[in-house]
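This report refers to the structure that appears directly beneath it.
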Amino acid sequence: MSPQINADSRPALATHVRLQHDGVRQQWVVQAPERLFVLDDVAHAVLSRCGNGLTVAEIADQLGIEFDAPADEIRGDVLELLQDLADKGIVHDQRA
Amino acid sequence: MTSAPESPVDPPLALLAELTHRCPLRCPYCSNPLALAGRSTELTTEVWLDVFAQAGRLGILQVHLSGGEPAARRDLEALVAGARSAGLYTNLITSGLLLDRARLERLRQAGLDHVQLSVQDSEPCGADRIAGFQGAHERKLAIAADIRAVGLPLTLNVVVHRHNIARVPELIDLALALDAARLEVAHAQYYGWGLANRAALLPTRAQLEAATAIVTQARERLKGRLAIDYVPPDYYARRPKACMGGWGRRFVAVAPDGAILPCHAARTIPGLEFPDVRQTSLADAWQHAAAFTHFRGTGWMREPCRSCNRREIDWGGCRCQALALAGAADVVDPACSLSPLHETLVAVAEGESASPPPAFRYRSLSEGPKIA
Ligand code: SF4
Ligand code: SF4
């Protein structure tokens, strides 16, 4: 059973995962064993806020301000992204 | 022979650093070449540190510290620290035999990101028989616990073949019990030692399909708890794998003696010269060396690959396998059903896998012709 991420989850990166700037290609990446995820601006904005004790709702609020977008729309996108990454073992819920 | 045009190519993503060929185990599917490099030919600490620094500048993001058994190098801690300070995600691929908790703690402090530990089976007797080493399995279980105890993330790796393929469910349970975040179930690959032992290793099609179904179900069931990577064998496939993600596209390997290779098996291909990392930079080799440009892209292809719509998906399969099975590196990989040799290959696979397995030809230094 896959851990469910919801608005109260406090997402953090798994220990085997590293968020890193790729200076040669000028992009942000998440590194895991034999896996590499290239992040777009939104994904980077989300992942760089993981592990600070923030809830998904708080992260979405901050993104709403940063990207000047409606909060509910952002929250749905953030949940979807984090659930996908949780299924892949990249993030987990620190509450758990 | 045609070679790819000399336009700038994207930098590689990963470096396979084969630190040594020394290993206490003798797995009959070992991916090292039949001609193992002796200790006296190994690169020094300084050369490896320079290779890692070059890798970081070139745009490489991950390094796999491999072997042989990389812990046979006494300077492993210094190498990890060097790789890490070059910005590389540092993955140790180990049999576990030469590690202990204190050393794991030092490796963690040096910046090691991740450990991939191999087991040969889920039950000790079969595992030790494959490893050719009494007591290996028990040692590995203890080391797995130490890896987690010092806080390092763990992938459990198991090479599957006819002797252990029935225990894929137990292997999945073992990965969970050892608190691994990831399990790699890789079918034995049939070149080098694996090819020499093919009749002793190749599973039947029914065994393969059963294992594939179990992995597929477990993946769904364990989503978010255990990531499972699965590497199928290509003898029963219709289309080959994109070997190394395409020749000279993602990976660069450095052999224990300093040869810069597009893949660890590339040395079997006659007529290719591989630059020495003490004389040629990684960047230069990647960009210009014939060993990389010759099979890069699609320019070298003949039919049926040349006009096939999958030519930029699987890149014609594996060059080393084409050489080993078809006698030429620049023909379609016989694993592809469009190869004229494919049906013969499948018949051989079906025949061998249905016959009683011959004895293993264990990996050993003395069996192959040594590199001086
Ligand atoms: S496959 Fe076995 S023999 Fe080869 S390096 Fe790994 S542990 Fe050693
Ligand atoms: S013919 Fe060549 S390119 Fe086409 S699927 Fe087969 S190996 Fe791949």
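A, B, ... follow the sequence lines: proteins, then strands. Residue 1 opens every chain.
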Inset, instruction - Taking the side chain as every heavy atom from C-beta outward, state whether B:Arg182 and A:His16 have any pair of such atoms under 4.5 Å apart. - result: no
Inset, instruction - Step through the shown structure and confirm whether more than 12 heavy atoms of other residues, nucleotides or ligands are within 6.0 Å of CZ on B:Arg219. - result: yes
Legend entry - Within 6.0 angstrom of B:Asp173 CG, more than 12 heavy atoms from elsewhere: yes
Legend entry - A:Asp40 atom CG, neighbour heavy-atom count above 12 within 6.0 Å: yes
Inset, instruction - For B:Leu61 and A:Gln20, work out which heavy atoms get closest and say how close. - result: CD2-NE2, 4.4 Å
Inset, instruction - Could you check if a side-chain atom of B:Asp229 sits within less than 4.5 angstrom of a side-chain atom of A:Arg35, using non-hydrogen atoms only? - result: yes
Legend entry - Part of B:Leu58 within contact of chain A (heavy atom distance under 4.5 Å): backbone
Inset, instruction - Return the minimal non-hydrogen interatomic distance between A:Arg25 and B:Leu13, and the atom names on each side. - result: NH2-CD2, 3.5 Å
Legend entry - Value rounded to 0.5 Å, distance of CZ in B:Arg148 from OG1 in A:Thr15: 6.0 Å
Inset, instruction - Among the options B:Leu154, B:Leu226, B:Leu88, pick out the one with the most heavy-atom pairs lying under 4.5 Å from chain A. - result: B:Leu88
Inset, instruction - Determine the minimum heavy-atom distance between A:Glu34 and B:His64, stating which atoms define it. - result: CG-CE1, 3.6 Å
Inset, instruction - Identify the heavy atoms of A:Arg18 and B:Thr90 that sit nearest to each other, and give their distance. - result: NH2-N, 4.1 Å
Legend entry - Part of B:Ala181 lying under 4.5 Å from any heavy atom of chain A: side chain
Inset, instruction - Output the distance between atom CG (A:Asp87) and atom CZ (B:Arg225), rounded to the nearest 0.5 Å. - result: 13.5 Å
Legend entry - Best-contacting candidate, B:Glu184, B:Gln62, B:Arg57, against chain A by heavy atom pairs under 4.5 angstrom: B:Gln62
Inset, instruction - Flag the pair A:Pro33 / B:Gln116 as yes when at least one side-chain heavy-atom distance between them is below 4.5 Å, and no otherwise. - result: no
Legend entry - Atom CD of A:Glu80 with >12 non-hydrogen neighbours under 6.0 angstrom: no
Legend entry - Taking every non-hydrogen atom, the tightest pair across B:Pro11 and A:Val24: CG-CG1, 4.2 Å
Inset, instruction - Examine whether an atom of B:Leu92 lies under 4.5 Å from a heavy atom of chain A, and if so say whether it belongs to the side chain, the backbone or both; otherwise answer neither. - result: neither
